[in-house]
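Working notes, beginning with the structure itself.
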Amino acid sequence: MSTDTPDTDGRTGVLPAVVASDPGTMAHNGLHGPLRGTPERVAGSIRRTTNLDLIRPEGPDGPIRITGRGRDLRTAADGRGIVRATALIAATVEGDRVTALTTHPRPPGIADMVGRRAVVGWRTGLWRHLRGQHDAGTVLHLVLDDLPGGMIIGGFTRRRAIAESAGGPLPQPGRRLDVCAGWAAESRAAITLAQTGIPPAPVTPLAPDLGCDTDSLAWHTLPELPAYGISRRRRIDVLDTGEEVVAEAWFRDSFTDADGAHRVLHEYRVSVTADRGSYAVRHLSAHPRVLPHRECPVAAASAQRMRGIPLGQLRERVSSDLFGPESCTHLNDLLRSLADVPGLLALG
């Protein structure tokens with residue numbers, strides 16, 4: 001089944017061109033595979049790019065070292081790129097808690113995040129201790145907000161590292177079902193795990209380069225990712241056309257395998273148009289490109305439930321409205337990131 005043919009809707013003016021499909025992902029669950037490159041910036045637009053990288057230099061059960069970067073770049077009428085904001089973070093997670101955290105900038109409240117659990121309750125802590133960053137939709141907040149999602153995907157490379165050292169896949173205990181489309185109770189992944197003790201292997205195509213031949217500023221500087229490292233990379237393009245607000249949000253979860261190949265685990269993009277005054281969502285389309293399990297693409301339809309919601313409310317509404325076997329944790333995070341669109345436009 002193909003959920004986005006063709007992969008363009010012609011509405012935003014900031015979308016990548018259609019690219020050839022990847023045979024492996026098409027055969028697996030009907031998806032087109034990862035996008036190649038990055039679209040050129042549009043005059044008058046704001047582009048936010050971020051990355052959050054997780055590595056385990058002391059082995060699969062050692063502390064997790066996390067680095068993150070972000071940049072907000074305005075494109076002037078003559079095409080010049082003007083940096084409006086940057087962010088850097090460095091953190092250590094031991095067990096399930098953040099034991100060290102350094103950021104730039106360093107707003108009040110950062111010290112209160114040390115000692116907190118990195119998944120459950122982390123975002124509540126950001127809301128309590130960095131409320132100004134949350135409400136303004138800053139690039140620093142987005143990088144910090146990605147930590148729980150990064151921890152979840154980080155388990156994938158940990159399991160691969162352990163399996164590699166053991167010489168093959170290891171049986172896994174049962175897991176919670178109906179938390180997302182890919183792990184619905186009747187999904188192929190759930191049935192395979194129940195029958196064999198091992199989930200089906202995901203299709204992980206090679207990750208195309210994100211560079212743009214005509215734009216050296218398409219992305220901020222991205223570090224190299226060592227073997228078994230995993231990275232979440234985001235791009236948000238925003239433009240006020242004078243008639244409406246248009247935006248595209250895209251993300252890719254990628255990892256480096258034991259052979260040094262950079263591969264894609266998840267990739268999604270969402271295009272949006274919204275009212276200039278209220279920022280209410282007028283049009284929204286979700287396009288899955290790479291997802292690990294056969295039923296995962298079903299979740300794309302859940303994004304339509306956010307139509308009519310003001311962009312600035314998406315973090316709260318996604319969390320309260322999108323859950324269960326018709327949803328996707330990673331799509332939800334992408335939709336939540338669109339809450340920063342009003343803040344990005346204010347940087348103009």
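Bear in mind that the values here come from a model prediction, so they are computed numbers and not experimental data.
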Decide whether [X] and [Y] are clustered together by the hydrophobic rule: side chain heavy atoms of Ile, Leu, Val, Met, Phe, Trp, Tyr closer than 4.5 Å, transitively.
{"X": "L35", "Y": "V290", "result": "no"}
{"X": "Y228", "Y": "I64", "result": "no"}
{"X": "V298", "Y": "L177", "result": "no"}
{"X": "I46", "Y": "L140", "result": "no"}
{"X": "I89", "Y": "M151", "result": "yes"}

Flag the pair [X] / [Y] as yes when at least one side-chain heavy-atom distance between them is below 4.5 Å, and no otherwise.
{"X": "R305", "Y": "L322", "answer": "yes"}
{"X": "V119", "Y": "D96", "answer": "no"}
{"X": "M113", "Y": "L144", "answer": "no"}
{"X": "S337", "Y": "I236", "answer": "yes"}
{"X": "L147", "Y": "R123", "answer": "no"}
{"X": "D275", "Y": "V245", "answer": "no"}
{"X": "N29", "Y": "L291", "answer": "yes"}
{"X": "L334", "Y": "R234", "answer": "yes"}

Exercise for review: Decide if the gap between the ring center of F255 and the ring center of F156 is smaller than 6.0 angstrom.
Suggested key: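 Yes: the rings meet the under 6.0 Å criterion.
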Check whether [X] reaches the backbone of [Y] with its side chain - one donor and one acceptor, N or O, closer than 3.5 Å.
{"X": "S254", "Y": "V264", "answer": "no"}
{"X": "R116", "Y": "G121", "answer": "yes"}
{"X": "D72", "Y": "A85", "answer": "no"}
{"X": "R282", "Y": "T273", "answer": "no"}
{"X": "R65", "Y": "T92", "answer": "no"}

Exercise for review: Determine, step by step, whether T25 and H32 satisfy the side chain to side chain contact (heavy atoms under 4.5 Å, CB included) criterion, reporting the C-alpha distance in whole Å, the side-chain angles of both residues, the deciding distance to 0.1 Å, and the verdict.
Suggested key: CA-CA 6 Å; T25 54; H32 290 288; 5.8 Å; no
Point to revise | Derivation of the side-chain hydrogen bond (donor to acceptor under 3.5 Å, both in side chains) call for S271 and S285 | key: CA-CA 5 Å; S271 58; S285 58; 2.5 Å; yes
**Study point:** Step-by-step salt bridge (charged side-chain N to carboxylate O under 4.0 Å, His left out) determination, D340 to R315
**Key:** CA-CA 9 Å; D340 294 346; R315 277 202 169 87; 2.8 Å; yes
Practice item. Test side chain to side chain contact (heavy atoms under 4.5 Å, CB included) on L311 and V272 and set out the steps. Key: CA-CA 10 Å; L311 290 168; V272 176; 4.2 Å; yes
Testing the basics here: between [X] and [Y], what is the closest heavy-atom pair and its distance to 0.1 Å?
{"X": "R71", "Y": "L217", "answer": "NH2-O, 2.6 Å"}
{"X": "A189", "Y": "G182", "answer": "CB-O, 3.6 Å"}
{"X": "T256", "Y": "P226", "answer": "CB-O, 3.3 Å"}
{"X": "L52", "Y": "G150", "answer": "CD2-CA, 4.3 Å"}
{"X": "P63", "Y": "P57", "answer": "O-CD, 4.0 Å"}
{"X": "W183", "Y": "R175", "answer": "NE1-NH1, 3.1 Å"}

Check your understanding: Between H220 and N51, is any side-chain donor less than 3.5 angstrom from a side-chain acceptor?
Key ->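 Result is yes, a qualifying pair exists.
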Review point. Taking atom types as modelled, is there a side-chain donor on T75 or R47 under 3.5 Å from an acceptor on the other?
Key: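 Short answer, no.
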Exercise for review: Could you point out which residue of T38, T50, T49 forms a side chain to side chain donor-acceptor pair (under 3.5 Å) with W219?
Suggested key: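 Testing W219 for a side chain to side chain donor-acceptor pair (under 3.5 Å) against T38, T50, T49 leaves exactly one candidate, T38.
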Exercise for review: Given side chain to side chain contact (heavy atoms under 4.5 Å, CB included), test L347 with R74 step by step and report yes or no.
Suggested key: CA-CA 8 Å; L347 295 174; R74 177 168 180 79; over 6 Å; no
Check your understanding: Can you name the residues that form a side chain to side chain donor-acceptor pair (under 3.5 Å) with R252, not counting sequence neighbours?
Key ->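 Listed in chain order: E267.
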As an exercise, state the distance from [atom1] of [X] to [atom2] of [Y], rounded to the nearest 0.5 Å.
{"X": "R233", "Y": "W250", "atom1": "CZ", "atom2": "CH2", "value": "8.0 Å"}
{"X": "Q133", "Y": "L126", "atom1": "CD", "atom2": "CG", "value": "10.0 Å"}
{"X": "C180", "Y": "N332", "atom1": "SG", "atom2": "CG", "value": "10.0 Å"}
{"X": "I230", "Y": "L265", "atom1": "CD1", "atom2": "CG", "value": "5.5 Å"}
{"X": "R188", "Y": "H28", "atom1": "CZ", "atom2": "NE2", "value": "6.0 Å"}
{"X": "D178", "Y": "E186", "atom1": "CG", "atom2": "CD", "value": "8.5 Å"}

Within the supplied structure, the quantity of interest is the number of heavy atoms (other residues, nucleotides, ligands) at a distance under 6.0 Å from [X] [atom1]; does it exceed 12?
{"X": "R80", "atom1": "CZ", "value": "no"}
{"X": "D61", "atom1": "CG", "value": "yes"}
{"X": "R97", "atom1": "CZ", "value": "yes"}

Salt bridge between [X] and [Y], side-chain N to carboxylate O under 4.0 Å?
{"X": "R263", "Y": "D253", "value": "no"}
{"X": "E248", "Y": "R269", "value": "yes"}
{"X": "R41", "Y": "D237", "value": "no"}
{"X": "D53", "Y": "R232", "value": "no"}
{"X": "D257", "Y": "R160", "value": "no"}

Exercise for review: Run through V93, V98, V143 and flag the one making a side-chain contact (heavy atoms from CB on, under 4.5 Å) with I66.
Suggested key: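 When V93, V98, V143 are each tested with I66, the side-chain contact (heavy atoms from CB on, under 4.5 Å) holds only for V93.
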Exercise for review: Determine, step by step, whether E40 and T214 satisfy the side-chain hydrogen bond (donor to acceptor under 3.5 Å, both in side chains) criterion, reporting the C-alpha distance in whole Å, the side-chain angles of both residues, the deciding distance to 0.1 Å, and the verdict.
Suggested key: CA-CA 7 Å; E40 294 184 359; T214 58; 2.5 Å; yes
Check your understanding: Does the side chain to side chain contact (heavy atoms under 4.5 Å, CB included) test come out yes or no for I198 and T192, once each step is laid out?
Key -> CA-CA 7 Å; I198 299 172; T192 301; over 6 Å; no
Practice item. Can you label the angle between the W127 ring and the H134 ring as parallel, tilted or perpendicular, going by 30° and 60°? Key: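 Geometry flag for H134 against W127: perpendicular rings.
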